[in-house]
Amino acid sequence: MKAKDTSVESLTKGVEFLLKKNGVDYVKGTGAFVDANTVKVLRGKNIIIATGSESTPFPGLTVDEKRIVSSTGALALTEVPKKMVVIGGGIIGLEMASVWSRLGAEVTVVEFLGQIGGPGMDAEISKQAQKILAKQGIKFKLNTKVTKGDDSGENIVLNVEASKGGKEETLDADVVLVAIGRRPYTAGLGLENVGLDVDEKGRLVIDQEYRTKASHIRVIGDCTFGPMLAHKAEEEAVAAIDYIKKGYGHVNYAAIPSVMYTHPEVAWVGQNEAEVKASGVKYRVGTFPFSANSRAKTNLETEGVVKFIADAETDRILGVHIVGPGAGEMIAEATLAVEYGASSEDVARTCHAHPTLSEAFKEAAMATYAKPIHF
């Protein structure tokens with residue numbers, strides 16, 4: 001916790017320094033629209049809303065950030081819980097499950113759907129990730145829903161049953177993490193004072209230039225459409241300001257990487273196999289295991305695989321999915337390949353340093369268009 005607090009303080013002070021260095025007036029407070037050009041207490045010709053998201057509450061459980069926690073409270077626990085139940089097997093739930101399991105908690109993940117990681121994660125990679133995490137001691141209850149919870153006793157008791165109904169059972173825990181998703185954070189923003197529209201999910205409605213109905217008010221990040229990722233919001237911020245200053249801007253939403261910071265990491269970019277199959281495009285798949293990679297063997301981190309999906313006719317890379325050591329770093333190369341329309345042969349014929357984990361990336365590309373050397 002001390003290391004976490006030190007990192008957060010250092011990083012936020014760094015951003016404040018950059019704001020000051022670049023002549024940005026930084027006001028701490030709660031902003032709300034008074035009228036179309038005034039956010040109390042400021043006026044602006046152009047306004048960008050970037051208020052982010054908040055944890056979606058779970059009906060019947062009140063988050064106190066002590067025993068029933070969101071991801072915020074899960075990062076500030078004062079001791080390692082003996083038992084933790086995570087409601088939701090998406091990225092945030094699994095990241096927190098991975099942390100506290102490694103610190104000694106007995107962790108059970110309850111997920112309504114039949115796979116972990118959410119719909120964006122490739123099903124094959126999801127199964128591998130679950131297998132690895134289960135081996136570390138995390139228990140999974142998939143296709144399972146929480147029907148009610150009771151936090152009146154010393155331990156929290158949750159009633160769970162099969163998603164489609166079935167025999168009920170109980171789980172008890174010292175700490176319950178509610179991680180069923182996030183929702184746009186717009187409460188108290190005063191949207192009614194400027195007549196801005198939201199959709200059925202509470203996201204602010206914008207056009208392709210990030211403009212709301214009031215054309216000088218633009219929106220980026222979690223409180224509008226798309227994946228709730230900081231780097232996606234950063235790209236949108238640059239594009240929105242480009243539109244204001246230059247009249248043009250661009251974000252390639254087909255090349256936004258996702259990373260799940262469990263141990264090992266899971267990362268992907270582009271389409272997963274189910275999405276490619278549904279599109280009707282003929283495709284090839286190539287994989288390479290880290291167990292055949294010399295750096296992974298030397299580091300004793302051999303679990304996981306790199307998976308490529310490429311168009312069968314053009315060899316253009318459609319998606320890359322990785323579970324294993326260094327996945328979050330390695331996905332940058334995949335994102336560049338997708339951004340520039342590279343083929344799997346382009347990657348396979350590019351020299352990669354030895355011994356590195358990235359050789360597994362090269363060999364997965366080789367497996368997609370021909371065959372790998374070392375497997």
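Worth saying up front: this structure is predicted, and the values here are computed from it rather than measured. Numbers here are sequence positions counted from 1.
The structure places NZ of K371 at 10.0 Å from CD1 of I373, a figure rounded to the nearest 0.5 Å. Atom-to-atom distance recorded for S258:OG and I331:CD1 is 8.5 Å, nearest 0.5 angstrom. The CZ atom of F112 sits 9.0 Å away from atom NZ of K164, with the distance rounded to the nearest 0.5 Å. Expressed to the nearest 0.5 Å, how far CG of L177 lies from CD of E95 amounts to 11.0 Å. Once rounded to the nearest 0.5 Å, the distance linking CD of E54 with OH of Y185 reads 6.5 Å. Rounding to the nearest 0.5 Å places CD1 of I317 at 11.0 Å from CD1 of I309.
Salt-bridge annotation for K28 and E16: present, with a side-chain N of the basic residue lying under 4.0 Å from a carboxylate O of the acidic one. Contact check on K135 versus E303 returns a salt bridge, with a Lys/Arg side-chain nitrogen under 4.0 Å from an Asp/Glu carboxylate oxygen. Ion pairing between E273 and K307 holds under the 4.0 Å rule for side-chain N and carboxylate O. Comment: E106 engages K139 in a salt bridge, judged by a side-chain N to carboxylate O separation of less than 4.0 angstrom.
For W268 (side chain) and V323 (main-chain N/O), no donor-acceptor pair under 3.5 Å exists by modelled atom type. Between the side chain of N37 and the backbone N or O of G44, at least one donor-acceptor pair lies under 3.5 Å. Checking side-chain atoms of Q115 against main-chain N and O of G118 turns up a donor-acceptor pair under 3.5 Å. Although no hydrogens or angles enter the test, the distance criterion places no donor-acceptor pair under 3.5 Å between the side chain of R203 and the main chain of D199. For K362 (side chain) and C351 (main-chain N/O), no donor-acceptor pair under 3.5 Å exists by modelled atom type. S10 contributes no side-chain N or O that, together with a main-chain N or O of T6, makes up a donor-acceptor pair within less than 3.5 Å. Proximity of a side-chain donor or acceptor of S101 to a complementary backbone N or O of V107 within less than 3.5 Å is not detected. At distances below 3.5 Å, not a single donor-acceptor pair connects side-chain atoms of D346 with backbone N or O atoms of A342. Listed for the D122 side chain is no donor-acceptor partner under 3.5 Å among the backbone atoms of N272. Under the 3.5 Å distance criterion, the side-chain polar atoms of S70 are matched with a main-chain donor or acceptor of T72.
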Verify side chain to side chain contact (heavy atoms under 4.5 Å, CB included) between L171 and K83, making sure each step is shown before the conclusion. CA-CA 10 Å; L171 300 173; K83 288 186 178 181; over 6 Å; no
CA sep, side-chain torsions, deciding dist, call: D315, Y369, side chain to side chain contact (heavy atoms under 4.5 Å, CB included): CA-CA 7 Å; D315 194 34; Y369 95 96; 4.0 Å; yes
Take R284 and D311, measure what salt bridge (charged side-chain N to carboxylate O under 4.0 Å, His left out) needs, and give me the verdict at the end. CA-CA 6 Å; R284 290 195 303 266; D311 188 300; over 6 Å; no
Test side chain to side chain contact (heavy atoms under 4.5 Å, CB included) applied to V175 and V69, step by step: CA-CA 7 Å; V175 173; V69 299; 3.9 Å; yes
Between L318 and V281, does the side chain to side chain contact (heavy atoms under 4.5 Å, CB included) criterion hold? Intermediate values first, please. CA-CA 10 Å; L318 302 174; V281 172; 4.3 Å; yes
Residues Y253, E236; criterion side chain to side chain donor-acceptor pair (under 3.5 Å); working and verdict: CA-CA 10 Å; Y253 288 98; E236 289 176 335; 2.7 Å; yes
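Other residues, nucleotides and ligands contribute more than 12 heavy atoms inside 6.0 Å of the CD atom of E168. More than 12 heavy atoms of other shown residues, nucleotides or ligands fall within 6.0 angstrom of atom CD in E192. Other residues, nucleotides and ligands contribute at most 12 non-hydrogen atoms within 6.0 Å of the NZ atom of K246. No more than 12 heavy atoms of other residues, nucleotides or ligands lie within 6.0 Å of CG in D25, so this atom counts as exposed by the packing criterion.
When side chains are defined from C-beta on, E339 counts as touching N252, because their heavy atoms get closer than 4.5 Å. Looking at N293 and T302, their side chains never come closer than 4.5 Å, going by heavy atoms from C-beta outward. When side chains are defined from C-beta on, K4 does not count as touching E9, because their heavy atoms never get closer than 4.5 Å. Side-chain contact check for R295 versus N299: some heavy-atom pair is nearer than 4.5 Å. By the 4.5 Å heavy-atom criterion applied to side chains, M84 and M96 are not counted as neighbours. Proximity of I68 to D151: side-chain heavy atoms (C-beta onward) are separated by under 4.5 Å at one or more points. At least one side-chain heavy atom of I256 sits less than 4.5 Å from a side-chain heavy atom of V251. Contact check for L158 versus I87: side-chain heavy atoms found under the 4.5 Å cut-off.
Counting all heavy atoms, side chain and backbone alike, L94 lies closest to G117 at CD1-N, 3.7 Å. Of all the heavy atoms in S53 and D222, the pair that sits closest is OG-OD2, 2.7 Å. Between R67 and D174, the closest heavy-atom pair is CB-O, 3.9 Å. What you find for G249 and D242 is that their closest heavy atoms are CA-CB, 4.1 Å. Pairing each heavy atom of T335 with each of P257, the nearest pair is OG1-CB, 3.4 Å. Considering all non-hydrogen atoms of both residues, T287 and V305 come closest at CB-CG2, 3.8 Å.
In this structure, K232 satisfies the cation-pi test against F225, with its NZ or CZ atom closer than 6.0 Å to the six-membered ring centre and inside 45 degrees of the ring normal.
Side-chain atoms of E359 and H374 form no donor-acceptor pair, as typed in the model, at a separation below 3.5 Å.
When the side chains of ILVMFWY residues are joined at heavy-atom separations under 4.5 Å, either directly or via intervening members, I132 and V86 end up in a single hydrophobic cluster. In the hydrophobic clustering of ILVMFWY residues, with side-chain heavy atoms under 4.5 Å counting as a link, L196 and I206 come out together.
Only one option out of T51, V198, I220, I217 pairs with L204 in a side-chain contact (heavy atoms from CB on, under 4.5 Å); it is V198. Applying salt bridge (charged side-chain N to carboxylate O under 4.0 Å, His left out) to K145 and the options E169, E111, E161 leaves one that passes, E161.
Ring to ring, F361 and F308 are close: their centroids are under 6.0 angstrom apart.
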